[in-house]
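One structure is given below, encoded as structure tokens.
The chains referred to below are lettered A, B, ... by the order of the sequence lines, with proteins before strands, and numbering in each begins at 1. This is a predicted model, so every value here is computed, not measured.
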Amino acid sequence: MEINFIPIDYNYFDYEGRNYLKIIGRTDNNRRACIIDSCPVYFWAILKQDLNEKEIKRLQEKIESIRLKKESRNVEVLKTELHEKCFLGEKVKAMKIFITNFKDSHDIADHLEFKEIDKKREYDIDFITKYILEKKLKPLHWYKITGDILNNSEDFGGIDSSLEVDLCLKADKITELDNLEFKPKILAFDIETDEFDIGKGEILMISLVGENFKKVLTWKKESNHSFVEKFSDEKTMLEAFVEYVKKYSPDILVGYFSDGFDIPYLRARAEKNFTKLSLGIDGSKPVFSRGKLLTSRIQGIVHLDIYRFIKVVYSPYLQSETLSLNDVSSELLGEKKAVWIHKHSSKIKHHEWDSYYEYNLQDSVLTYKLTEKIWPDLMEFSRIIGQPLFDISRDSMSAHVENYLMNNLERYNEIIEKKPVSEIGERISKERYEGAFVYQPKPGLYENIVFFDFTSMYGSVIVSFNLSKSTYRDRKTEDSIEVDLEGKKAYFIQKKGFFPEILNDIIEKRKKYKKEYNQKKDNLSKARSNAFKLLANASYGYQGFFGARYYQQEAAAATAALARKYIKETIEKIEKAGYPVIYSDTDSISLLRDKRPKKEVLELLEKINKSLPGIMELDLEDFYKRGIWVTKRTGDFGAKKKYALINEEGKLKIRGFETVRRDWCDLARNTQNKVLEYILTEGNQKKALEYVKDIIKKIKERKVDKNDLMIKTQLKKPIDEYKSESPHVTIAKRMKELGMPVDIGMLMKYFIIEPESYQKTRTGKTKGLIRDRARLPDEEGKYDIDYYLNNQILPAVENIFEVFNLETKEIMNGKKQMKLGDF
DNA sequence: GTACACTACATACC
DNA sequence: ACTGGTATGTAGTGTAC
């Protein structure tokens, strides 16, 4: 039998003590297939140098005779082979040790206490990763697979008949095809409940959305909507949910935060109702793995929690203030959640149920659309990094980098380094190293500004200077370069290491696909370019990350040190060419062009580029018409990481200002934004001042919408772990008392009310703590005019006006008058 | 009772 | 704990006077 097959979900199972893969995917005629395959299980013992043949032979015999007793199976070494390999760039002799079951790797490795062995490696790589590396059956690539079909056979304990698949094939020969097209069958789901604590309340309804498929299952109220189906009780509804999933037979079942909420809730309610949530294609229920975050896996179907992928891969590039389904959908899809004000089901009026159903359905619609939108990225990440979708959607950025590395080490004949275990503590306690250089700006309004930036600066430094674990030396060697790290010196050899070479490849691929995208504007090259960009950006942090297999703090420190050196040298060159530099942060430099033509600036850029080492490259970011840098509030010098620019097309670029900070009230943010806009577009501060005065007037006259006064602060840890109680912690406590859901990561929303008379001093000043006057959005109380003027509006605009030496007295006057009036 | 230094915390920049 | 360091700024905390 021969089929064309695309692997989607990978699982393993044991049969007669051996490990087998159970790979679920699709055939080209859209049938669901399962491939059974296996691969050799082994790890490496790297031998000490200068062993003679006899010693090696003797060691081999000793290793091959290892037998361990375990309850479930016999543990033994099957055979060994001697290989010439590389480890961290050095040639080594290594013994390949074959065993029966990968779960014994650790145990056997622990038993190899022989003096001839220097190191043991690759016993800590999980079986699925190993299989993909070994057999090259990469996720989401098409293959021609020949093998025996298992038709109700007893093979592998009758696995064929226990799976809901169209065919089951024992793989014999695997050949990669070059087709890359694939559209998965996606089913999105979402639940609504009365209580937020997992399993505490009943599940009122479940929505399901697929292609031409929309359903809301409930057991509450009948509905006029045709997509609503009513069942007699919660249990029947849960069973119908399982049936619908089975019938739809999706490749992907996707939720938004479903690892943390929907799936655990469904499990809890299924248990309570004595029914089995048999979503797996083998009839099994979701399996949860513990970690800091709950993760749930469904056999044969990829359970995606799209929120997790968005958080790791998308969030650094999103503008959204939260990663809620609503915020992310409005940014990525231009579509919002339906409106529904949450209330307990007992309080929902008859006619209101329909909008609740609509709301529930819309959540699944958005989740479905988001998944469709993000699919090219998910697929390309999975292909490039070589990990199954399930892992791709949940792994951290450092894991992505590491998996990509592991996937590319074969051509270097490298044995893979181990994960740190005992080393972690020591690595964490290591002193931090010096990072980026940030230029101290002079406050002021500037015209005709140019921004240069280094392309993938840290990546290009790592590549150009060969900075990595395998190329690092703690003492000078014949050809090494020396980097000074605050007194300590680090050395890096010239011979190219695999890490910088692989990174160079990543950067080149990024360039290639970016170019390709600019020509074709297709999703595939966009997703590829994006994936390589993210990998390049995370590679520097990876080498400084304590959990990395290829951790080398000196390499990370040297990267930062060399980046500082080159940005400072470049600043000097620019100034020598007669352009005043006004600001610089890490990899960017801004300079004043004044009246000199752009052509000259570009010539300077070219000249600088000729002198830069290796693949380092300075690029033109943009020309700006005008820009403003302000004073630090606690000092009389320029603030770093805070500026606003307007380019020649009139587009604003605002960095660091309150405008872009979510923990300031909208009124302050919008006012500041307007002020910056007036100043930058027209270079006119008068209008801006008038605008602010008007806002002040509105505040004093209590004409401001309460919603614009809400301060939003995120709760970052459990309430009782806070050492100091800031207003948002007080609010969190109050919400909890009121029985409202409070969880880590949530945004606490509050406003500040007027002080009572006892909260005032004789002179009329407010005493006491702000948190005592913090109120929930719908709590009573008049907003405190004084607070919003002095703690929100004025701080946001004060040092902008200061740039113009504009006496803020005018504004201050307002402030004083208010105080007098208040008194 | 208040002024001040210091700490805790959140958030942004690159 | 789940890439790195640099930086600003508010509100609370503790202490001296």
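Nearest nucleotide to the Arg432(A) side chain, out of dG9(C), dT6(C), dT13(C): dT6(C). The nucleotide whose nearest atom lies closest to any side-chain atom of Phe545(A) is, among dG5(C), dG9(C), dT3(C), dT3(C). Distance from the side chain of Val438(A) is smallest to dT6(C) among dT10(C), dT8(C), dT6(C). Nearest nucleotide to the side chain of Arg633(A), out of dT10(C), dG4(C), dG12(C): dT10(C). Of all nucleotides listed (dG9(C), dG4(C), dG12(C)), dG4(C) comes nearest to the side chain of Phe546(A). Comparing dC13(B), dG9(C), dA11(C) by their closest approach to the side chain of Tyr787(A) singles out dA11(C). Comparing atom distances between the His728(A) side chain and each of dC14(B), dA10(B), dA12(B) picks out dA10(B) as nearest. Side-chain proximity of Glu434(A) to the nucleotides dC14(B), dT6(C), dA11(C) is greatest for dT6(C). Each of dA10(B), dC13(B), dA1(C) was ranked by its minimum atom distance to the side chain of Tyr643(A); first place goes to dC13(B). For Lys723(A), counting side-chain heavy atoms from C-beta on, the closest listed nucleotide (dC9(B), dT11(B), dC14(B)) is dC9(B).
In this structure, Arg655(A) atom CZ and dT11(B) atom P are separated by 18 Å, rounded to whole Å. Computed from coordinates, the Glu725(A) CD to dG14(C) P distance equals 12 Å when rounded to whole Å. A straight line from CG of Asp585(A) to C1' of dG4(C) spans 14 Å, rounded to a whole angstrom.
Nucleic acid contact class of Phe437(A) (heavy atoms, under 4.0 Å, all strands): none. Residue-level contact check: Gly541(A) touches the bases, meaning some heavy atom is under 4.0 Å from a base atom. Within the 4.0 angstrom heavy-atom criterion, only backbone atoms of the sugar-phosphate kind lie near Lys717(A); the bases stay farther away. Among the heavy atoms of the strands, none lies under 4.0 Å from Asp395(A). Using a 4.0 Å heavy-atom criterion, one finds that Ala556(A) contacts no nucleic acid atom at all. Counting any heavy atom pair closer than 4.0 Å across all strands shown, Tyr439(A) reaches no nucleic acid atom. When heavy atoms are screened at a 4.0 angstrom cut-off, Tyr433(A) is found touching the sugar-phosphate backbone but no base atom. As judged by a 4.0 angstrom heavy-atom cut-off over every strand, Gln543(A) is placed among residues making no nucleic acid contact. Heavy atoms of Gly656(A) sit under 4.0 angstrom from primed sugar atoms or phosphate atoms, though from no base atom.
For Tyr307(A) and Tyr256(A), the ring centers sit closer than 6.0 Å to each other. Checked against a 6.0 Å centroid threshold, the rings of Tyr540(A) and Phe545(A) do not count as neighbours.
The shortest distance between the side-chain N/O atoms of Lys640(A) and the OP1/OP2 oxygens of dA7(C) is below 4.0 Å. Between Tyr722(A) and dA10(B), a side-chain N or O to OP1/OP2 separation shorter than 4.0 Å is present. Look at Ser396(A) and you'll find a side-chain N or O under 4.0 angstrom from OP1 or OP2 of dT3(C). Contact between the side-chain N/O atoms of Asn791(A) and the OP1/OP2 oxygens of dA11(C) is found at a separation under 4.0 Å. Between Ser724(A) and dA8(B) there is no side-chain N or O to OP1 or OP2 distance below 4.0 Å. Proximity of Arg771(A) to the phosphate of dT13(C): a side-chain N or O atom is located under 4.0 Å from OP1 or OP2. Not one side-chain nitrogen or oxygen of Arg661(A) sits closer than 4.0 Å to the OP1 or OP2 atom of dT11(B).
Relative to the six-membered ring of Tyr317(A), Lys533(A) meets both conditions, a distance below 6.0 Å and an angle of at most 45° to the axis. In this structure, Lys469(A) forms no cation-pi arrangement with Tyr551(A), as its terminal cationic atom is not both closer than 6.0 Å to the ring centre and no more than 45° off the ring axis. Figure legend: Lys653(A) and Phe451(A) shown as a cation-pi pair, the cationic atom lying under 6.0 angstrom from the six-membered ring centre and within 45 degrees of its axis.
For Lys641(A) and Thr631(A), each mapped to the nucleotide of DNA chain C holding its nearest heavy atom, the one lying further toward the 5' end belongs to Lys641(A).
Rounded to whole Å, the separation between the C1' atoms of dT3(C) and dT7(B) comes to 27 Å.
Considering Arg549(A), Met397(A), His400(A) in turn, Arg549(A) is the only one that fulfils the side-chain contact (heavy atoms from CB on, under 4.5 Å) rule with Tyr542(A). Glu554(A) pairs with exactly one of Lys488(A), Gln543(A), Lys489(A) by the side-chain hydrogen bond (donor to acceptor under 3.5 Å, both in side chains) rule, that one being Lys488(A).
Taking 3.5 Å as the limit, the base of dT11(B) and the side chain of Arg662(A) contain no donor-acceptor pair of atoms between them.
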